[in-house]
Amino acid sequence: MYRLYGIPTQNTLKVAYVLDAVGVEYEFQFINLAKGEQKTEAFLKINPIGKVPALKHNDTCLFESNSICRYIARVEKSSLYPNDLLTKTQNDQWLDFFSNHLGRWLSTLFFEKCLKPQMGVGEPNISKCDEALNFINQQFPPIEKHLKEVKFFGGSQLSITDFVAFAYLEQTIPLKFDMTLYPKTHDWLKHMGLLESIKKTKTKVKF
């Protein structure tokens with residue numbers, strides 16, 4: 001039995017997308033960060049870092065979203081995380097790229113422009129928004145170039161990398177980010193959003 005702890009933002013969503021993509025049943029437990037539920041003694045037994053997401057699978061507790069995604073695909077013996085060393089490494093490089101680069105800056109911009117007003121924790125920090133946009137504009141062209149050459153991020157087949165990338169890139173929608181310069185990325189984003197597993201996640205993982 002899987003239980004996913006988190007909030008319906010990119011890092012939790014990427015795990016939920018993979019859970020639904022491999023077709024396993026799971027429970028989603030919303031963790032109210034504003035109330036400090038991530039710092040309670042009970043939650044710290046699940047994730048000692050005190051952050052979300054976290055996953056409990058039977059008696060095993062895991063944290064760090066990309067590692068959780070890899071684990072799910074491996075334990076379920078899913079082709080979404082390939083066994084071939086080169087293909088696996090090519091997927092890993094894009095997973096790292098999104099977590100450390102483009103995804104990081106999209107999430108910063110999303111937090112400043114979307115989450116802060118929603119949570120009532122202040123106005124967007126303009127300097128942080130400008131910094132994020134600077135990096136985003138540098139890092140989108142390689143994505144566009146890559147998707148002109150392949151159908152999915154890991155190559156010709158759908159992989160966990162696509163679900164991780166989607167969790168970050170879908171933030172461009174509420175941000176109203178201009179995607180006209182990146183038509184291949186826009187098409188890929190639209191295609192991913194139509195997947196039945198993605199639609200299923202959206203009905204389960206919410207505030």
Side-chain angles (χ1 to χ4, degrees), residues 1-101 103-104 106-107 111 115 152-155 157-171 192 195-207:
M1 179 64 189
Y2 291 95
R3 177 173 290 176
L4 174 62
Y5 302 81
I7 60 174
T9 54
Q10 71 284 351
N11 287 325
T12 300
L13 282 168
K14 67 170 82 163
V15 176
Y17 289 151
V18 171
L19 284 165
D20 282 315
V22 301
V24 296
E25 293 298 318
Y26 65 97
E27 295 177 359
F28 171 65
Q29 183 167 329
F30 174 72
I31 301 297
N32 194 321
L33 304 186
K35 292 183 177 179
E37 291 179 357
Q38 75 279 18
K39 300 297 183 182
T40 62
E41 183 178 348
F43 186 76
L44 289 173
K45 290 180 180 179
I46 298 166
N47 182 359
I49 309 302
K51 292 185 176 182
V52 294
L55 184 77
K56 189 170 184 181
H57 180 216
N58 299 328
D59 295 325
T60 300
C61 296
L62 299 166
F63 59 92
E64 288 302 316
S65 54
N66 284 358
S67 294
I68 295 172
C69 290
R70 292 186 185 99
Y71 171 81
I72 294 164
R74 284 168 172 158
V75 78
E76 296 298 330
K77 296 180 173 57
S78 170
S79 61
L80 288 175
Y81 192 56
N83 290 317
D84 173 72
L85 180 59
L86 177 58
T87 309
K88 183 184 296 184
T89 304
Q90 289 170 334
N91 274 270
D92 285 341
Q93 69 185 0
W94 285 109
L95 289 170
D96 291 344
F97 171 80
F98 276 101
S99 292
N100 298 319
H101 300 288
R104 170 193 172 184
L106 282 170
S107 297
F111 174 75
L115 283 186
F152 300 108
F153 275 99
Q157 293 187 332
L158 189 68
S159 71
I160 63 170
T161 311
D162 294 287
F163 293 99
V164 169
F166 181 76
Y168 288 118
L169 288 170
E170 69 174 331
Q171 294 175 113
M192 290 294 296
L195 294 179
E196 290 302 319
S197 66
I198 294 282
K199 293 178 182 178
K200 185 177 181 180
T201 301
K202 295 295 189 183
T203 68
K204 297 169 66 173
V205 181
K206 52 190 176 181
F207 286 103

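We number each residue from 1, following the sequence as shown.
Of the possible donor and acceptor atoms, none in the side chain of Thr12 sits under 3.5 Å from a partner among the backbone N and O of Pro8. Side-chain atoms of Asp162 come within 3.5 Å of backbone N or O of Ser159 as a donor-acceptor pair. With Asn47 contributing its side chain and Leu62 its backbone, the two residues share no donor-acceptor pair below 3.5 Å.
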Taking only distance into account, with no hydrogens and no angle test, what donor-acceptor pairs under 3.5 Å do side-chain atoms of residues 36-43 form with protein atoms, sequence neighbours excluded?
{"residue": "Glu37", "atom": "OE1", "partner": "Asn32", "partner atom": "N", "Å": "2.8"}
{"residue": "Thr40", "atom": "OG1", "partner": "Glu37", "partner atom": "O", "Å": "3.0"}
{"residue": "Thr40", "atom": "OG1", "partner": "Phe43", "partner atom": "N", "Å": "3.2"}

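Rounded to the nearest 0.5 angstrom, Arg104 CZ and Phe97 CZ are separated by 12.5 Å. Taken to the nearest 0.5 Å, the OH atom of Tyr71 stands 8.5 Å off from the CD atom of Glu76. Atom CD of residue Glu170 and atom NZ of residue Lys14 lie 11.5 Å apart, to the nearest 0.5 angstrom. To the nearest 0.5 angstrom, Thr203 atom OG1 is 11.5 Å from Ile198 atom CD1. To the nearest 0.5 angstrom, Leu115 atom CG is 6.5 Å from Thr9 atom OG1. A distance of 9.0 Å separates CZ of Arg74 from CG of Asn83, quoted to the nearest 0.5 Å.
With sequence neighbours left out, the ring pair (Phe, Tyr, Trp, His ring centres under 6.0 Å) criterion links Phe163 to no other residue. Every side-chain hydrogen bond (donor to acceptor under 3.5 Å, both in side chains) that Thr87 has, sequence neighbours left out, goes to Asp84. Applying the side-chain hydrogen bond (donor to acceptor under 3.5 Å, both in side chains) criterion to Asp92, with sequence neighbours excluded, gives Arg70, Tyr81. Evaluation of the salt bridge (charged side-chain N to carboxylate O under 4.0 Å, His left out) rule for Arg3 yields Glu27 as partners, not counting sequence neighbours.
Ring geometry, Phe98 versus Tyr168: the interplanar angle falls under 30°, so the pair is classed parallel (tilted spans 30 to 60°).
Inter-residue side-chain proximity for Leu106 and Leu169 is flagged as met; some heavy-atom pair is nearer than 4.5 Å.
Minimum interatomic distance between Lys88 and Pro82 (heavy atoms only, all atoms of both residues): CE-O, 3.1 Å. In this structure, Ser99 and Asn66 approach most closely via the heavy-atom pair OG-ND2, 2.7 Å. Across all their heavy atoms, Gly154 and Asn91 have their closest contact at CA-OD1, 3.7 Å. Scanning all heavy atoms of the two residues, the minimum distance from Cys69 to Val15 falls at SG-CA, 3.9 Å. Across all non-hydrogen atoms, the minimal contact from Ala73 to Ile160 is CB-CG2, 4.0 Å. Scanning both residues, Leu44 and Gly50, for their nearest heavy atoms gives CD2-CA, 3.6 Å.
Paired with Ile72 under the rule side-chain contact (heavy atoms from CB on, under 4.5 Å), one option of Leu80, Leu55, Leu4 passes, and it is Leu55.
Heavy atoms from other residues, nucleotides or ligands lying under 6.0 Å from CD of Gln93 number more than 12. Atom NZ of Lys51 has 12 or fewer neighbouring heavy atoms from other residues, nucleotides or ligands inside a 6.0 Å radius.
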> How far apart are the C-alpha atoms of Met192 and Leu158, what are their side-chain angles, what is the distance that settles it, and do they pass the side chain to side chain contact (heavy atoms under 4.5 Å, CB included) test?
Replying inline: CA-CA 10 Å; Met192 290 294 296; Leu158 189 68; 3.8 Å; yes
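Pairs engaging residues 21-41 under the ring pair (Phe, Tyr, Trp, His ring centres under 6.0 Å) rule: Phe30-Phe207 [sequence neighbours left out].
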